[in-house]
Structure formats: C-alpha cells, structure tokens
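Everything on this sheet refers to the single structure shown next.
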Amino acid sequence: MSSDYVAGAVGGVLIGVASAVLLLGAGKIMGISGILTPFSTAPLTQFSLSPPTESGHIPVSDSLWRLTFIAMVLACSSLAGVISPSLASRVASNGSPWPLSLLGGALVGAGTTLSNGCTSGHGVCGLGRLSYRSFAAVSTFFPVAIITASLTGGLQNDPAPTEGHLYVASPSTGLYLAALTIGAALSFFLVNRNHAPPAADVGRSLLPSLVSGALFAAGLMISGMSDPDVVRSFLDLNVSSFEQWNGTLAAVMAAACAVSLATYQYKKCHPMEQPLLCSTPEPCECSFNSIPNSGKPDRKLFFGSTLFGIGWGISGVCPGPALVGAALGANTTIYFYLPAFFLAKAFASHMIKSPLIPLIPVDVSGTVDERDRTDPNTARLDTCGNPIPRDLAEKAKSWLSLVPQDKYAPTDGSDPTDPVSLSPSIAKGGISFISVEADALSLSLADSLCRCLDDLPRPTLVSCMSGARATAVSRMYLARRRGVRAEEVLSTAEEKKEAWVRNAKLVTWMKECLSDGDTTGFSKPLIFRQLFDKESSTYTYLLGDSDTRQAILIDPVDVNAARDTKVAIDLGLKLRYGVNTHAHADHVTGTSAVRDLLGRESSFKSVISAASGAKADIKVGHGDKIQFGGRHVTVRSTPGHTAGCVSFVLDDKTMVFTGDTLLIRGCGRTDFQEGSSKNLFKSVWRQLFTLPEDCIVYPGHDYKGMTSSTIGEEKSLNPRLGGSKTEAQFAKIMANLKLSTPKRLDEVLPKNMNCGV
C-alpha cells in the first residue's frame with residue numbers, strides 16, 4: 001500500500017506541474033470540464049478566429065489550445081496502453097455497469113457546468129488559487145461522492161460490456177481519437193489561416209498545451225486515477241477494515257495542490273503581463289484572461305457540486321480520467337459516459353441561460369444574473385465602499401475612485417485598505433479619481449466616467465465611501481453601453497434593494513443619463529475637420545472637445561501650418577498637441593511651425609512615438625492616451641511602414657487615424673525606415689482589424705480622391721490585406737511593388753527626426 005501512496009504522490013506532482021506549465025506558459029487554467037465545455041455548448045459552425053462575441057461564438061484561436069491538450073492526453077494514454085497492455089486491460093475492465101456509467105456521465109456533465117469545475121478545475125487549480133468558491137465546491141462534492149460510493153458499492157459487481165453488438169474498443173482507439181482531434185485543430189487553423197497569427201507563432205503558443213497534456217495523462221496513469229476501482233476504493237467507506245481502504249486519491253490531491261499553490265503564489269509575487277510563450281509583443285487581450293475571479297459561493301455552485309459528487313461517486317470517473325479511459329479502450333466510458341457527459345453539459349448550459357427554467361437560482365451575490373443586464377459582475381466591475389475589502393483589491397487590475405484620494409480615511413480610526421499596495425497590477429493597469437458628488441451630477445460627468453471605464457483593464461475596482469454611488473455609476477455605464485433604459489435599471493435596483501435608489505438626486509441623474517435611449521456615453525459631439533495637402537496628398541485631422549474647446553492636430557504639414565492654426569482659432573479651439581503617426585518621408589511635419597504661430601508661451605506640445613527615435617516634447621507608446629478636454633485618443637503600436645508607426649483610436653472607437661499603416665484599399669510601403677511587411681500585416685490584423693467593423697478609418701494619405709473607409713470595408717475589400725490574404729501573400733505583394741525613393745526623403749527625414757526643424 002505504501003508504494004501506492006508514493007505512486008500517487010508522484011502522479012500528483014506531475015498533475016500539478018501540468019497545471020503550472022499551462023498557466024505560466026499559456027495563461028490558461030487546467031480545468032478539464034472547462035476545456036471540454038465549448039465543444040458541447042457551441043456548434044462547430046460558430047467557431048471563428050475573431051474574438052469571442054456576446055452571442056457565444058468561440059474563437060478558433062481559443063479552441064486550438066484546447067484541442068491540442070485533448071489530443072495529447074488521448075495520444076499519450078493510448079501509447080501507454082499499447083506499451084503496457086495490462087494497464088489498458090485493468091482500466092477497461094474496471095468500468096461501472098453501463099447504466100451507472102450513463103447516469104454518472106450525465107450527472108457529472110450537468111454538475112460541472114453548473115458549478116464551473118471538477119476535481120482538476122476546483123480541486124487542483126482552485127484550491128491552489130485559494131478560491132473561496134473552489135473550497136466550497138470541494139467541500140461539497142467530496143462528501144457527496146463518498147456517501148454515494150458507499151451506498152452504491154454493491155451495484156458495481158456486474159462486468160462491463162466487452163462483447164456483443166458493440167464494437168470492442170482497444171488502446172488503438174485513443175490514437176484514432178487523437179488523430180481526429182488533431183485533424184479538427186488543423187482544419188480550423190487552415191480554414192481561418194488568413195486571420196490567424198503566423199504558423200510559427202501558433203506552434204510556440206501551443207507548446208504549453210502539448211507539454212501539459214502529456215504530463216497530465218502521465219500523472220493520472222502513474223497515480224492510478226485513470227482506474228475507476230482505485231478512485232472508488234477511496235470514496236467507498238463501506239469496508240470491513242481500514243486496510244481495505246485505499247487513500248491514494250488523498251496523496252494525489254495533496255501533491256497536485258501543493259505544486260499548484262506554489263505556482264499561484266509565485267505568479268502573485270512575480271506579476272506577469274502575459275504568459276511566458278505569448279507570441280504577441282504588445283499587451284494583448286488574452287493574457288491570463290482565463291483565470292477566474294474568486295467570487296462568493298452561491299446556490300448554483302452547491303447544487304452543481306452536489307450533482308457532480310453523486311455522478312463521481314456512482315461511476316468513479318471524472319472528466320480527466322474519462323479521456324484517459326476512452327484512449328485505453330474503456331467501452332462504457334466511450335459509449336455511455338462521454339456521450340451522456342456532453343449532452344448533459346449542453347442541456348445544463350441551456351438551462352442556465354433560459355429565463356423560462358427557474359430551477360437554478362442565479363440572483364444571489366457573487367453570480368451573474370442573466371436577467372439583470374446591468375449587473376456589474378457581468379463586466380468584471382467590483383463595487384465597494386471604504387475600507388476596500390482585501391480580496392477585491394488583490395484581484396483588481398485597475399481602480400476607479402469616485403471620491404478624492406485625500407478623503408479616503410476610515411471612520412473608526414483604523415487604517416484603510418490600500419488597493420495599490422495590495423495589488424501591484426492596479427498601479428500598472430490604471431488609477432482614476434473622478435469625484436461624484438450628489439450636488440455636482442451632470443451629463444459631462446457621466447461621459448467622463450464612461451470613457452474612463454472603457455479604458456481601464458478588467459477586473460476594475462469601483463469604490464466610493466459607502467458603495468452606493470459605485471453601484472449606480474457601474475449600472476449607468478453598462479446601461480449606456482448595452483442600450484438598457486432607465487426604467488429597467490431602476491426596477492432591478494429596487495428589486496435588489498440597492499441603497500442608491502433612495503437618493504433622489506442619483507435617481508434623477510440616472511434618468512437624465514439614459515433619457516431617450518441614449519447609449520453613446522457622450523453628451524456633446526466631437527468637433528472634427530479633415531484637411532488636405534495637395535502636394536503630398538497628406539490628410540491632417542483636427543479634433544476638438546466641444547465642452548472645453550481643447551483640440552489636437554494629427555499629422556500637420558509645415559506648409560499648411562497657418563491654415564490649420566486659423567481653422568482651429570476660427571472654431572474657438574485651443575490647440576494642445578500636434579501629434580504625428582510616424583516620422584514622415586514625403587513632407588515636413590508642421591508641429592514646430594504651429595507652435596511658432598501660437599507663440600512660444602503657448603502650451604502646445606509636439607507628440608510622436610518613442611519607437612520612432614525622433615525628437616518631440618512628448619514621447620508615447622502603446623496604450624498611452626492623448627487627452628484633449630474630456631476626450632482622448634488611445635495610442636496603438638502599428639509598426640510595419642516604419643518601426644515607429646502608431647495609430648490613434650478615438651475614445652468611443654468610432655474613428656481610427658491610421659497614418660500610413662492602413663490606407664483606403666492599400667497600405668504604406670515597407671521597404672525603408674526599418675519597414676517590415678511581416679510587422680505591418682500583424683499590426684493591421686491584431687491592432688486595427690480587431691476594432692468595430694463600423695469604426696471609420698481616416699488614413700494619412702489618399703491619392704485617388706477618397707476621404708475615409710471603415711474597418712469592415714478594409715477587412716473584406718483591401719486588395720493587399722483584406723479577404724483571405726495570408727502573410728506570405730502580402731509579403732510577396734509588397735516585395736513586387738518596386739517603388740521609387742520618395743523625392744524629398746533626404747531633405748524631409750532629418751527635419752522630421754528633429755520635430756520638423
């Protein structure tokens with residue numbers, strides 16, 4: 001028996017290491033039921049390489065790592081069965097009778113869907129993460145499984161069906177299943193290859209899935225957890241003596257959780273912006289996004305954990321060992337357990353989303369109520385008062401305070417919780433202080449709050465003194481962004497007895513913010529002018545805030561500085577910044593000329609990207625914001641035409657100023673100034689084509705009389721970059737352009753590297 005515990009501990013360590021590899025290498029959670037969920041809840045026709053949509057479409061970029069992990073588990077398990085026939089025979093013959101496998105698979109499928117986890121997700125990863133919900137789930141399904149196994153142990157005596165009309169599976173079955181899985185992954189990638197990262201980047205990003213899948217399969221087989229009898233011998237306490245009880249499962253869980261705990265503590269003490277093998281050099285959306293927040297346990301969690309515990313106790317099989325068992329030829333797993341598992345997951349997922357089935361209550365604290373469209377939890381907004389709870393501060397990546405910083409003082413004389421000191425990622429992600437006082441509520445204040453919440457990375461902590469205003473602001477923001485009317489917001493808040501609805505001024509403000517279905521988030525229009533230089537066919541853009549009259553110029557030309565300045569003055573605008581998308585090679589920037597016209601005593605500043613290497617008053621980088629009054633543009637790094645090219649996205653994402661990176665039905669050249677067709681292709685697809693399709697594209701040049709386009713148009717109609725063009729095809733197009741050197745290059749470029757002087 002001691003050798004079983006040693007094998008269990010070794011297997012547990014491998015499972016823990018598998019979890020660590022997937023987390024640190026790819027930013028993913030090794031929860032097997034979660035990995036399998038998209039394949040049961042979304043039709044394959046919904047898979048695409050675009051980001052996940054609100055309708056639930058699953059991106060192939062997300063499913064590739066899942067398929068790779070599953071294929072590796074199947075392949076390694078099958079190979080182990082071929083090498084060791086006794087292992088395959090033992091696992092295949094120890095399955096439960098088919099009725100129990102069928103029932104167990106259904107209960108496990110429904111339970112893991114409702115509780116969002118199983119022994120790997122809640123047990124190994126959740127306990128290692130010190131998640132309250134996982135502690136509650138494990139404390140529920142383990143006792144339930146023990147009770148169930150003890151009561152049903154006498155039903156496990158019937159042999160599993162291995163003969164008759166059913167095809168008798170063997171270890172080679174796993175190789176066929178793995179081949180099919182790999183084929184599906186390759187098919188998804190090839191069909192959508194024009195939207196995907198380069199194959200080399202995809203291969204590197206999938207390496208953690210390959211390694212993790214192999215380690216996970218090895219850990220299950222070495223520890224004996226792939227054998228249902230070993231699991232049941234732990235769960236079934238109906239034994240005549242202690243010597244008959246097998247505690248290997250405890251050794252496996254202890255070792256795996258210890259490694260997982262060490263991994264999460266390491267990540268907590270050494271914050272990482274993105275996974276180790278992330279192929280995107282810029283900050284990306286996918287970085288560690290799969291790590292769930294630790295909310296409060298709820299009835300849905302307990303109900304799902306109970307179902308899972310019953311199913312696990314009946315069958316002795318949970319999702320991970322089910323994959324290994326299928327690969328080793330376990331008939332009851334292949335023909336009964338897994339089909340029931342997937343069907344039950346799909347049904348349970350439908351139950352959660354359907355408001356017609358009130359079986360599972362979802363309107364409790366810490367859960368997302370599908371009938372509450374402005375629930376802050378649905379947008380990863382955590383609202384609170386002062387002092388700020390430690391658990392909320394630790395998981396937050398940004399902070400919006402609705403009271404001035406100097407007013408954060410406790411009423412009981414204790415030290416307030418400092419979210420910045422508790423979470424280093426808050427300071428890095430962003431901190432904003434916007435005072436919301438009952439006597440100073442306005443539409444412009446609502447606009448500022450909406451723009452701020454648009455830009456702050458999630459999870460975001462929204463706080464005030466009592467938490468009431470924080471909840472009101474969060475609901476106002478979501479109502480504007482999701483088109484929810486004031487009546488619905490107020491009705492929901494009253495039903496949930498939220499304190500802010502008793503404040504008449506806040507209620508009036510909410511109605512004003514959401515009057516006439518206003519969901520734009522901006523009460524005053526942007527002042528906008530598109531100006532043109534005939535000699536270089538360059539567009540200059542004037543953007544102004546109608547409230548404060550502050551404005552910026554994008555890509556001004558020196559010979560038109562007087563015109564541009566006069567337009568701004570005539571409109572009553574105060575020019576604050578002259579912004580360049582890159583160091584130009586065909587005209588001299590007008591930033592210095594504009595500053596001379598305004599006078600050296602003016603506050604006008606020149607701006608360019610730090611990557612350009614050019615001189616300017618202000619250097620910016622990816623993610624920086626250029627503010628003009630209550631409006632701003634966000635910098636997106638889009639190298640390719642030159643190494644220092646950037647694009648500017650308006651705060652509401654209705655406009656993007658692309659410089660020479662993306663033109664109307666074209667793009668800038670890539671054959672000088674450290675240009676790169678590979679980088680330009682990535683920049684366009686990762687930074688520009690991910691914007692809303694109705695976002696208006698304002699280019700730096702046009703030579704055919706066109707003034708603007710849209711992201712949707714360029715994605716489908718751009719002959720160089722759109723449609724089904726691949727990176728290799730784009731590189732060939734750019735290499736064959738054979739363009740002449742810009743006429744004024746030697747004169748213009750040195751001046752632009754010196755701010756146009």
Side-chain angles (χ1 to χ4, degrees), residues 32-33 36 39-40 70-112 118-119 145 148-149 152-181 184 213 216-217 220-221 223-233 235-236 308 310-346:
I32 307 305
S33 63
L36 296 173
F39 307 109
S40 60
I70 295 168
M72 203 61 182
V73 172
L74 293 171
C76 290
S77 303
S78 183
L79 286 173
V82 172
I83 295 170
S84 175
S86 62
L87 170 66
S89 175
R90 184 171 65 253
V91 172
S93 62
N94 285 343
S96 298
W98 72 264
L100 296 185
S101 288
L102 186 70
L103 179 59
L107 291 172
V108 169
T112 55
C118 56
T119 51
T148 303
T152 61
L155 302 177
Q156 302 290 343
N157 297 326
D158 296 335
T162 56
E163 299 181 3
H165 64 282
L166 286 177
Y167 165 71
V168 180
S170 69
S172 60
T173 305
L175 292 178
Y176 299 135
L177 294 173
L180 287 173
T181 309
F216 180 71
L220 287 177
M221 289 184 287
S223 65
M225 292 302 102
S226 57
D227 185 347
D229 263 6
V230 175
V231 176
R232 284 195 296 262
S233 64
L235 298 176
D236 188 355
F308 169 62
I310 296 173
W312 189 31
I314 287 175
S315 63
V317 179
C318 57
L323 292 178
V324 176
L328 292 174
N331 280 284
T332 53
T333 299
I334 296 172
Y335 298 120
F336 300 105
Y337 183 96
L338 285 175
F341 171 82
F342 283 113
L343 288 173
K345 282 188 77 68

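- Under the 3.5 Å distance criterion, the side-chain polar atoms of Ser78 are left unmatched by any main-chain donor or acceptor of Leu74.
- Of all non-hydrogen atoms in Ser226 and Val324, the two that sit nearest each other are CB-CG1, 3.6 Å.
- Without hydrogens or angle criteria, Tyr337 side chain to Ala322 main chain gives no donor-acceptor distance under 3.5 Å.
- A distance-only check finds no donor-acceptor pair linking the side chain of Thr148 to the backbone of Ala145 [under 3.5 Å].
- From Asp227, atom CG reaches atom CE of Met221 across 12.5 Å, with rounding to the nearest 0.5 Å.
- Qualifying side-chain contact (heavy atoms from CB on, under 4.5 Å) partners for Thr119, counting only residues two or more places apart in sequence or in other chains: Phe141, Phe308, Trp312, Cys318.
- For the atom pair NZ (Lys345) and OG (Ser33), the distance works out to 5.0 Å, reported to the nearest 0.5 Å.
- The two residues Leu107 and Gly311 have their closest heavy-atom pair at CB-CA, 3.7 Å.
- In this structure the side chain of Val231 never reaches within 4.5 angstrom of the side chain of Val317, judged on heavy atoms.
- Looking only at side-chain heavy atoms (C-beta outward), Ser77 and Val73 come within less than 4.5 Å of each other.
- Atom CZ of residue Phe341 and atom CG of residue Leu323 lie 8.0 Å apart, to the nearest 0.5 angstrom.
- Between the side chain of Arg232 and the main chain of Gly313, no donor-acceptor pair closer than 3.5 Å is present.
- Remark: Ala106 engages Ala340, Ala344 in a side-chain contact (heavy atoms from CB on, under 4.5 Å) (not counting sequence neighbours).
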#### Entry: Residues Trp98, Asn331; criterion side chain to side chain contact (heavy atoms under 4.5 Å, CB included); working and verdict
CA-CA 9 Å; Trp98 72 264; Asn331 280 284; over 6 Å; no
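- Side-chain contact between Leu100 and Pro97: present, with at least one pair of heavy atoms (C-beta onward) separated by less than 4.5 Å.
- When all heavy atoms of Thr332 and Ser101 are compared, the closest pair comes out as CB-OG, 3.5 Å.
- Residues Pro319 and Val108 are in side-chain contact: their nearest non-hydrogen atoms beyond the backbone lie under 4.5 Å apart.
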